2 protein chains.
Amino acid sequence: MHSIRIVARRTGLSAHVIRIWEKRYRAVEPDRTATNRRLYSESDVERLSLLHAATASGHSIGLIAQLPTAHLRQLLSRSAAVAPAPCSEPPAPETLRNQCVAAIRDLDQHELERLLRGAALQHGTQGVLQKLVAPLATDVGRLWQQGEITAAHEHFASAVIRGFLTDLARPFALTPAAPMLVVGTPAGQIHELGAVIAAAAATAHGWRVTYLGPSLPACELASAALRTESRAVALSVVYPKDDPDLSRELEQLRSYLPARTAIIVGGRAAGAYARVLDRIGARIAVGIEDFYALLDQVRSGDGAPGQPERKPV
Amino acid sequence: MHSIRIVARRTGLSAHVIRIWEKRYRAVEPDRTATNRRLYSESDVERLSLLHAATASGHSIGLIAQLPTAHLRQLLSRSAAVAPAPCSEPPAPETLRNQCVAAIRDLDQHELERLLRGAALQHGTQGVLQKLVAPLATDVGRLWQQGEITAAHEHFASAVIRGFLTDLARPFALTPAAPMLVVGTPAGQIHELGAVIAAAAATAHGWRVTYLGPSLPACELASAALRTESRAVALSVVYPKDDPDLSRELEQLRSYLPARTAIIVGGRAAGAYARVLDRIGARIAVGIEDFYALLDQVRSGDGAPGQPERKPV
DNA sequence: TCTTGCTTGTCAACTTTTTGTTCAAATTTT
DNA sequence: AAAATTTGAACAAAAAGTTGACAAGCAAGA
C-alpha cells in the first residue's frame, strides 16, 4: 500500500491530478487509513500509469477514466480498442508455464505470443513479469543447462519474449523527466533474457531505459551510461558462476563510472560474485520486487555507492 | 468511443475537415456526449480512413461521402494500384540516414524510433526496409569496423531496429497457410541486424518466420527448420569474410536438411563464400529485391537445390 | 477568354466544455 | 514546529463546438 506521494512519483502524475481524477471521474478509489489518508494498491498504481500514458498520447481523461484496466492496456498496445476477449476459464499458473515451455520446444511463435498476451491481460504488466516471464526465464535457463533444449530454443524464446516485453512496456515510455537507466549484460554473459526483463520492469516502473543487449565490455557500458547521463546501470548475470574475467570487468566498470551512478546486478549467478559486488558498492537485486525497491532507492537519491547503506531499511 | 482529436490523428484528417464532412455530407454521424462533444466509434474511424484514402487518390468527397463502407473498401482495393504518392516535402534520403546515425551515436532511442516511424509512414513497409533500414545497417556495420562506433552502439541500434521491425511486420503475420522460413545467422556471425531485416522482409512478403537470432550452429538451425517444416533457411553473413569454420558449418547445414529445403544467404560477406554456397546449392541474395525474388522462386516450388535453375527467368 | 457557379478545404470569431493548477484552511504525520 | 495530506473553490489554458466568410480549383456557358 502506497501513499499519494509515492504514487505520484511512480506514475509521473502530480498529487493534485491524482486527487482531481478521483474526485471528478472516480478513476481510482483508493482505500483510506483510519485518519482519512489515501492508500493505493499496486493495481491502482498500474491503472494510473496507464491513464497517464493514455492521456499523454491524446485521449481525454473524461472519456477513458472509467474504462476497465484491461481496456486501457488494449487501448495503448494498439489504438484499436475492440471487444475484449471474454476469458471464461482462468488457467492454472503452472500449466501456463508448461504450455509456454511446450511452445518454445515447438518453436511456435504464435502460440507463445498468444499465451503471453493472455497472461498480460489476466495479471497486468507487473503480474505477468513476476508470475510468468521471470520464472519462465529461469526454466529456460535450467533446461538449456541440462541440455533439454538447444541454444536455438533459447534464442527463439529470447527473441519472442523480448518482442513481447518491448510491446508491453511501450505505453509507459513517455515521461520525459524520468531518470535514465542503462541495461545490459557484462562481457562473457551471453544470456540476455534477464536483461530484457529488467529493462521492461524498469520501464514499467517509470524509468527511461537504454537497452544495450548482451555481452558488453565494461568500458562500453560505462560510456553509454555517461552519454545518457544515467543514474544507474543494471546488469544481469546468469550463467558462468565463476568467471574471473567478470570480476575484473565489474571493477573496471566501477572505476569508469562517476560515484553517483549506481550499479545494480541481478540474475541467478549474481550471488556467486557477492565479494566483488560488495567491494564496488553494487546492489544485488533478488527478484523483481527487490529490483523495484533498489530502483526507488537510487531514484530518491539514496545512492552513495561504495559505502554501506546509511539508513537500515 | 473516441474524441475528435484521436480520430484526427488516426485518420490523418484535420478536425476541421472531419466536422465539415459531417455537416455538409453527413459522411459520418457520431454520437454526442451530454455536453455535445462528438464520440466516434471504431467503425466511424475506419470509414473516415477509407474516405481519406479515397479522396487522396482522386475521388471527390461529395460523390463518395454517402457510399456504404463496404463500397469504399472495394473502391480502394481497385484504385490502390494507381495510387500516386504526392510527397509534399521529401526529406533527403541521405540526411535521414545521417540523422539516424547521429541518434545511434547519442544512444537516443526515442529519436531513432521517431525517425524510423516517420520514414515508414513516408515510404511504406517495403520502402523503409529498402531505402532506410538496409543501408543504415550497412552504415552501422562499416562504422563499427572502422572503430567509429562501439559494440554498445551496434547492440543498441540492433535492439531498437529489431523492435521497430517486429512492430512493422506484425500486421502481416496473419496468413495461416503461409510457407515457413527460419531466419538466423550461422555460428560465429554475431551481427544480427541483417537477419532481423530479412525476417521483417519475409514476413511482409507473406511468409511465416521463425526468428532464431545470431550465431547458431548448423545442427540447431537444421533441427529448427525440420521442427517447423520450413521451406527455406535464410542466413545473414556479414563480418568475418574468411572464416574456415563457416564453410564447414554451411556444408553441415546442407547435409542435415532435406533436399527440398532451400538455403538463402545474404549480407555483405556472402559473396566471399560463393564457392561453398555454390557447392551446397544455396542461393545468394544481393539486396532485398533479390531476396524477394528468391523467396518467390522457393515458394513456387522451383527449389531444387544443388542444380542450376531449370527455368531461366 | 472571361465570367459564373459549384465544390472543397481553411480561417477567424466567439461560446462552451474540459482539464490542470493555484490558493486557503483544516488535519495529520514526522 | 515543519512537512504532508485533504478538501473545496476559483482560475486559466487548452480543446471542442458553431457560424460565417473566403480562396483555390474546376467545369460550363457567355
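The structure presented is a predicted model; accordingly, all values stated were derived computationally and were not measured. Reminder, nothing fancy here: chain letters follow the sequence lines and each chain counts from 1.
- What separates CG of A:L63 from P of C:dT18 is a distance of 9 Å, to the nearest Å.
- For the OP1/OP2 pair of C:dT19 and a distance below 4.0 Å, the side-chain nitrogens and oxygens of A:Y25 include at least one atom meeting the criterion.
- Per the geometry, NE2 belonging to B:H16 stands 13 Å off P belonging to D:dT18, to the nearest Å.
- Residue B:T35 has no polar side-chain atom (N or O) positioned under 4.0 Å from OP1 or OP2 of C:dT16.
- Under the 4.0 Å criterion applied to side-chain N and carboxylate O atoms, A:R19 and A:E22 are not assigned as salt-bridge partners.
- Taking atom CG on A:D31 and atom P on D:dT5, their separation rounds to 17 Å, with Å as the unit.
- Between B:Y40 and B:H2, the distance separating the two ring centers is not shorter than 6.0 angstrom.
- When rounded to the nearest whole Å, the span between NE2 of A:H52 and P of C:dT19 equals 14 Å.
- A distance of 11.5 Å separates SG in B:C100 from CD in B:E113, rounded to the nearest 0.5 Å.
- Mapped onto DNA chain D by nearest heavy atom, A:R24 and A:R32 fall at different nucleotides, with A:R32 at the one closer to the 5' end.
- Among the atoms of the strands shown, only primed sugar atoms or phosphate atoms (P, OP1, OP2) are found under 4.0 Å from some heavy atom of B:S60.
- Side-chain proximity of A:R38 to C:dT21, D:dT7, C:dG9: nearest is D:dT7.
- Candidate nucleotides C:dT10, D:dG17, D:dA4 were compared by shortest atom distance to the side chain of B:S14, and C:dT10 ranks first.
- Counting only heavy atoms from C-beta on, A:S3 has its side chain closest to D:dT5 among C:dG9, D:dT5, D:dT6.
- Taking every side-chain heavy atom of B:R19 into account, D:dT18 is the closest of D:dT7, D:dT18, C:dT19.
- In this structure, CD of A:E22 is placed 17 Å from P of C:dT19, rounded to the nearest angstrom.
- Rounded to an integer number of Å, the gap from CE of B:M1 to P of D:dA16 is 17 Å.
- The side chain of B:N36 sits closest to D:dG17 out of C:dT19, D:dG17, D:dA4.
- At distances below 3.5 Å, at least one donor-acceptor pair connects side-chain atoms of B:D44 with backbone N or O atoms of B:S41.
- Distances from the side chain of B:R37 to the nucleotides C:dT29, D:dT19, D:dA16 place D:dA16 closest.
- Nucleic acid contact for A:T33: none, since no nucleic acid atom lies under 4.0 Å from a heavy atom of the residue.
- In this structure, CG of A:L51 is placed 15 Å from C1' of C:dG20, rounded to the nearest angstrom.
- Distance from the side chain of B:I20 is smallest to C:dT10 among C:dT19, C:dT10, D:dT6.
- Distance, A:I64 CD1 to C:dT18 P: 15 Å, rounded to whole Å.
- Considering only side-chain atoms of B:W21, the nucleotide from D:dT5, C:dG9, C:dT21 that sits closest is C:dG9.
- Note on B:R10 versus B:E42: salt bridge recorded, some NZ/NE/NH1/NH2 to OD/OE distance being below 4.0 Å.
- Of all heavy-atom pairs between A:V209 and B:Q109, the closest is O-OE1, 3.1 Å.
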